[in-house]
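Structure, as structure tokens:
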Amino acid sequence: MPHPRGAARPGRDRRSAGHAPRAPRARGVPPRYEPHVPHFNASAAKSYLGLVAAVLAHEGQLDRGAQVAKYVPELAGTAFGDAQVDHLLHMGTQMSYAGRPYDKALEAQRYFAVLAPQLRPYGYTGPATIREHLGTARATAEPGTEFRYENGNVEALAEALRRVTGTTTSALLSEMIWSRIGAEEDAYYLLDSEGSEAACGGFSATARDLARLGEMVRCGGATGDLQVVPEAVASTIVSGVPAGYPHRVRFPAAPPDGPATLSYHDLWWIPNDPYGSFMASGIHGQRLFISPALDLVIVHYASQIISPAVPQVPLVQAFLEIGTHLQRSRA
């Protein structure tokens, strides 16, 4: 079936090595920016699914307080099936997979092995699909008590949304968001062997189209005269953080004894700055940063090295410096 222009569709990831738009350097080197090439978004994709889920909940199609097993019965008795939808939206589950002690980095590698057979070790006998992987999760604590950033929450949520709507993640994002924001290019999801999208991070899109998504959210859910997302959803990403553990969280790579200065709501990161900012964030420098009070949307694509020997770039501080500078220049 042909896909309309500007659809979010399943397909192979086409990774760009480019970066977000920026001014050429003084010595005349052109920016490495390919406007029509999709770039891998990694975990920033979580926030886009969170937006879709929040809209369905606002419309009454999805019950935040319901157990996930209500929508995905085969997950009953698992860490995700016995949790509430709202717990998934706030990373509020604690689990182990297949009886293993939980290790975030190792579980990420095992998730990649589910998606990509070529990454499986010799003699691999583990799950071959995302749903099989979710079925091995067992709770190690009551849900809704502590923040743990884990891909399984998003994959379980995506499966619940497929059951609620009767459609794929790609078609759902396309119908509700992508086809309504004036996107110029198709977006893409990675698929597992049974055709389910890797919703927690297998999404690719161009920087300009992602900026259109951010601008829509910044403008209260509207693109021009078209209300794409209810204003009540778009305008409460920051103010709607529920009481309890989502109010004070850390980035996954932060030291466990470091200050918990962030908040987390519906799969969006909230830096708690004076400007009501929030962002989608993915490994290696993928960001969609939205700051309503600064009239600012920034898309940042990168291929940053993650190593103890390489200091991480303070992207949020840089984005705020850009925003405040532009605000002063407009005054």
Side-chain angles (χ1 to χ4, degrees), residues 2-49 51 112 115-116 118-119 169-171 173-174 177-191 197-219 223-224 228 269 279-291 295-307 310 312-316 318-319 321-323 325-326:
H3 293 266
R5 190 168 183 82
R9 54 185 287 191
R12 296 180 63 191
D13 167 43
R14 297 185 292 169
R15 183 185 291 244
S16 162
H19 298 264
R22 63 179 188 270
R25 298 187 180 111
R27 59 191 176 94
V29 177
R32 293 173 59 199
Y33 169 56
E34 300 168 277
H36 302 292
V37 177
H39 194 287
F40 197 56
N41 278 226
S43 286
K46 293 176 170 66
S47 303
Y48 320 149
L49 189 77
L51 185 64
F112 299 148
L115 284 178
Q118 63 270 30
L119 297 180
T169 302
S170 302
L173 184 64
S174 179
I177 307 291
W178 213 251
S179 64
R180 307 182 72 202
I181 59 173
E184 293 181 322
E185 313 285 347
D186 287 345
Y188 298 86
Y189 272 105
L190 289 170
L191 305 179
E197 294 89 348
C200 72
F203 181 83
S204 296
T206 66
R208 296 198 298 193
D209 283 342
L210 196 60
R212 289 181 171 93
L213 188 156
E215 180 68 0
M216 176 271 291
V217 177
R218 186 191 71 81
C219 293
T223 297
V228 178
W269 295 96
M279 67 179 173
S281 176
I283 197 170
H284 301 299
Q286 322 320 317
R287 301 288 190 275
L288 171 60
F289 185 82
I290 303 168
S291 189
D295 295 330
L296 181 71
V297 172
I298 293 179
V299 174
H300 183 274
Y301 283 160
S303 302
Q304 294 176 349
I305 296 172
I306 295 181
S307 167
V310 180
Q312 291 300 294
V313 180
L315 290 175
V316 171
F319 298 157
E321 285 290 333
I322 292 171
H325 174 78
L326 292 173

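Both backbone and side-chain heavy atoms feed into the values below; hydrogens, waters and symmetry mates do not. Only a predicted model underlies this, so the values are computations on that prediction, with no experimental measurement involved.
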Could you check whether any side-chain N or O of [X] sits under 3.5 Å from a backbone N or O of [Y], counting only pairs where one atom can act as donor and the other as acceptor?
X      : Y      : value
His36  : Glu185 : no
His284 : Gln304 : yes
Glu197 : Leu190 : no
Gln312 : Ile305 : yes
Arg287 : Gly282 : yes

Are Trp178 and Tyr189 an aromatic pair, judged by ring center distance below 6.0 Å? no
Exercise: identify the closest heavy-atom pair between [X] and [Y]:
X      : Y      : answer
Ser174 : Ser179 : O-OG, 2.7 Å
Phe40  : Gly201 : CZ-O, 3.1 Å
Ala45  : Ala199 : CB-O, 3.9 Å

If you round to the nearest 0.5 Å, how far is OG of Ser291 from CE of Met279? 11.5 Å
By side-chain contact (heavy atoms from CB on, under 4.5 Å), Leu326 pairs with (sequence neighbours left out) Leu296, Ile322, Ser329, Arg330
Ile306 atom CD1: more than 12 heavy-atom contacts under 6.0 Å: yes
Out of Val297, Ile290, Val228, which one pairs with Met216 under the side chain to side chain contact (heavy atoms under 4.5 Å, CB included) rule? Val228
Scan Asn41, Thr206, Leu288 and name whichever one has a side chain to side chain contact (heavy atoms under 4.5 Å, CB included) with Tyr301. Asn41
With a 4.5 Å limit on heavy-atom distance, are the side chains of Glu215 and Thr223 in contact? no
Any non-hydrogen side-chain atom of Asp209 less than 4.5 Å from a side-chain atom of Leu213? no
Give a yes or no on whether a salt bridge exists between Glu184 and Arg212, defined as a side-chain N under 4.0 angstrom from a carboxylate O. yes
Please test Asp295 against Arg218 for side chain to side chain contact (heavy atoms under 4.5 Å, CB included), starting from the C-alpha separation and ending with a verdict. CA-CA 8 Å; Asp295 295 330; Arg218 186 191 71 81; 3.1 Å; yes
Excluding sequence neighbours, so at least two apart, what forms side-chain hydrogen bond (donor to acceptor under 3.5 Å, both in side chains) with Ser47? none
May I ask you to decide if the ring planes of Phe203 and Tyr48 are parallel, tilted or perpendicular, using 30° and 60° as cut-offs? perpendicular
